[in-house]
**Student:** 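I have a structure here, written as structure tokens, and I will follow up with some questions on it.
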Amino acid sequence: MCFHNSLTATVAEVEQRFEATNKTKQADFEPVYHGNGFDFPVWPVITAQAPKSIQLFQWGLVPRWVKTKEEAEEMRANTLNAKAETLGEKPSFKYALREAQRCLIPSTGFFEWQTVGKNKYPYYIRLRNQPIFAMAGLWESWHNPAYPDDIWNTFSIITTEANPLMARIHNTKQRMPLLLLPGSESLWLQKDLDTAALNEIARPLDDSLMEAFTVGRLVSHRTANSNVPEVTNPYAYPELSQQQLSLF
DNA sequence: CCAGACGTTGTT
DNA sequence: GTCTGG
DNA sequence: CCAGACGTTGTT
DNA sequence: GTCTGG
């Protein structure tokens with residue numbers, strides 16, 4: 001869940017939304033209409049350690065104890081997401097959690113598939129009143145022992161149980177990204193967040209704040225370039241009932 | 001004890 | 001680095 | 001889902 | 001043809 005994200009905002013918009021300054025080497029971001037986690041794209045993030053800065057980290061968390069580049073590359077396909085419920089137990093995430101290496105991952109909407117019979121229908125999901133919002137993440141800085149200058153700053157998107165809207169869409173896994181209300185964003189970045197507070201924040205967002213609609217199957221095509229504006233165009237599947245087409 | 005895992009959920 | 005499975 | 005692998009044994 | 005990896 002949550003391997004398919006988007007960020008179609010300018011640097012200025014992200015700066016304004018999160019009250020942070022662009023510290024990347026890029027004057028602006030390329031809009032991401034469809035970012036596939038398995039491509040391990042770089043993404044703007046805001047860390048607890050530098051909450052006033054926008055940095056570019058790579059999606060797919062590489063734990064600090066990884067020994068080789070090969071192991072790092074293998075690991076990250078499995079750490080695109082991190083289950084909120086078990087962050088403290090998993091060797092891949094526990095050190096990042098212990099040292100409060102939490103972060104915000106700006107998004108303008110994400111994709112998920114609904115299984116109906118033998119078919120899969122892609123949906124685009126976003127927040128009603130917030131064009132840009134934050135997913136909760138953990139980050140790590142991995143230093144390649146073979147090359148001291150080879151440092152990988154990576155992140156993982158936290159997932160939690162699905163709310164009723166997301167349970168209908170992502171009906172096989174019943175999971176969703178941990179979405180933060182603006183009021184929870186600064187809490188997530190606080191360094192001394194205890195377990196009770198974390199568990200309180202790590203709850204599924206109220207689905208009355210979200211909206212979702214079916215999109216065309218371009219997003220599902222691996223060979224085609226799906227990182228184009230049309231990927232989020234609404235598309236009505238005749239065989240789906242009206243209530244499934246648009247979940248507002 | 002040592003070796004091996006360490007993780008999550010994907011699709012026209 | 002630490003836990004798990006054999 | 002699609003792309004790519006799919007296997008074994010050796011020597012100069 | 002079928003399994004695996006991404």
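To find a chain, count down the sequence lines: A is the first, B the second, and so on, and within it residues start at 1. This structure is a prediction, so every number in the text was calculated from the model and none was measured.
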**Student:** Can you tell me if the side-chain N/O atoms of Arg217(A) get under 4.0 Å from OP1 or OP2 in dT11(B)?
**Tutor:** no
**Student:** Just checking, is any N or O donor in the side chain of Trp142(A) or Asn144(A) under 3.5 Å from an acceptor N or O on the other one?
**Tutor:** no
**Student:** Looking at CE of Met210(A) and CD1 of Ile169(A), how far apart are the two atoms once the value is rounded to the nearest 0.5 Å?
**Tutor:**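 These two atoms lie 7.0 Å from each other.
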**Student:** Nearest-Å distance, NE2 (His34(A)) to P (dC1(D))?
**Tutor:**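 Distance check: His34(A) NE2 to dC1(D) P gives 16 Å.
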**Student:** Out of dG10(B), dT9(B), dT12(B), which has the shortest distance to the side chain of His4(A)?
**Tutor:**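 Of all the options, the side chain of His4(A) is nearest to dG10(B).
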**Student:** Any idea which heavy atoms bring Gly137(A) and Ile105(A) closest together, and the distance?
**Tutor:** CA-CD1, 3.5 Å
**Student:** Would you list the pairs meeting salt bridge (charged side-chain N to carboxylate O under 4.0 Å, His left out) in which at least one residue belongs to residues 190-205 of chain A, sequence neighbours left out?
**Tutor:**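 For residues 190-205 of chain A: none.
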**Student:** Using Watson-Crick and G-U wobble pairs whose two distances are both under 3.5 Å, how do you write the pairing of DNA chain D as dot-bracket, with | for links to another strand?
**Tutor:** ||||||......
**Student:** Do Tyr95(A) and the base of dG1(C) stack face to face, with centres under 5.5 Å apart and an angle between planes under 30°?
**Tutor:**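 Stacking between Tyr95(A) and dG1(C): absent.
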**Student:** Contact class for Glu71(A) (heavy atom, under 4.0 Å): base, sugar-phosphate, or nothing?
**Tutor:**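 Answer is base: heavy atoms of Glu71(A) come under 4.0 Å of a base.
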**Student:** Hey, could you give me the CD1/NZ distance between Ile158(A) and Lys83(A), rounded to the nearest 0.5 Å?
**Tutor:**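 The distance works out to 12.5 Å.
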**Student:** Report which part of the nucleic acid Asp39(A) touches: base, sugar-phosphate, or nothing (heavy-atom distance under 4.0 Å, all strands).
**Tutor:**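 Contact class for Asp39(A): none.
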**Student:** It should be established whether Thr159(A) places a side-chain nitrogen or oxygen under 4.0 Å from OP1 or OP2 of nucleotide dT9(B).
**Tutor:**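 Answer yes for this pair, as a side-chain N or O of Thr159(A) is under 4.0 Å from OP1 or OP2.
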**Student:** What nucleotide among dG10(B), dT12(B), dC6(B) has an atom nearest to a side-chain atom of Glu112(A)?
**Tutor:** dG10(B)
**Student:** Calculate the interatomic distance between Ile157(A) atom CD1 and dG10(B) atom P; express it in whole Å.
**Tutor:**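 Distance, rounded to whole Å: 13 Å.
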**Student:** Rounded to the nearest 0.5 Å, what separation is found between the CZ atom of Phe110(A) and the CD1 atom of Ile125(A)?
**Tutor:** 4.5 Å
**Student:** Of the nucleotides dC6(B), dT8(B), dT11(B), which has the atom closest to the Lys120(A) side chain?
**Tutor:**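 Nearest to the side chain of Lys120(A) among the choices is dT11(B).
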**Student:** Can you give me the N/O atom pairs linking the protein to nucleotides 3-5 of chain D at distances under 3.5 Å, or say none if there are none?
**Tutor:**
| residue | atom | partner | partner atom | Å |
| --- | --- | --- | --- | --- |
| dA3(D) | O4' | Arg222(A) | NH2 | 3.2 |

**Student:** Tyr121(A) OH to dC1(D) C1': how many Å, rounded?
**Tutor:**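 Answer to the nearest Å: 16 Å.
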**Student:** Any salt bridge (charged side-chain N to carboxylate O under 4.0 Å, His left out) pairs touching residues 21-44 of chain A, not counting sequence neighbours?
**Tutor:**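 For residues 21-44 of chain A: none.
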**Student:** May I ask you to check whether Tyr123(A) and Tyr121(A) place their ring centres under 6.0 Å from each other?
**Tutor:** no
**Student:** For the residue pair Tyr33(A) and Val231(A), what are the closest heavy atoms and their distance?
**Tutor:**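 Nearest pair, atom of Tyr33(A) first, then Val231(A): O-CG1, 3.6 Å.
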**Student:** Where the side chain of Phe3(A) is defined as all heavy atoms beyond and including C-beta, which of dT2(C), dT12(B), dT9(B) is the nearest nucleotide?
**Tutor:**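 Within the option list, the nearest is dT9(B).
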**Student:** The side chain of Lys90(A) lies closest to which of these nucleotides: dT8(B), dT12(B), dT2(C)?
**Tutor:** dT8(B)
**Student:** For the OG1 atom of Thr154(A) and the CG atom of Leu138(A), what is their distance to the nearest 0.5 Å?
**Tutor:** 10.0 Å
**Student:** Between dG1(C), dT9(B), dT12(B), spot the one nearest the side chain of Trp65(A), thanks.
**Tutor:** dG1(C)
**Student:** Write down the distance separating the P atoms in dA3(B) and dT12(D), rounded off to the nearest Å.
**Tutor:** 34 Å
**Student:** Which residues in residues 225-232 of chain A have a heavy atom closer than 4.0 Å to any atom of DNA chain C?
**Tutor:**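 Close to the strand, none.
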**Student:** Just to confirm, is there a sub-4.0 Å distance from OP1 or OP2 of dT11(B) to any side-chain nitrogen or oxygen of Ser220(A)?
**Tutor:** no
**Student:** Counting just side-chain N and O atoms, does Trp113(A) come under 4.0 Å of either OP1 or OP2 of dT12(B)?
**Tutor:** yes
**Student:** Mind checking salt bridge (Lys or Arg N to Asp or Glu O under 4.0 Å) for Glu99(A) and listing every partner two or more places apart, or none if nothing turns up?
**Tutor:** Arg64(A)
**Student:** Rounded to the nearest 0.5 Å, what's the gap from OG1 on Thr10(A) to CZ on Phe29(A)? Could you check?
**Tutor:** 8.0 Å
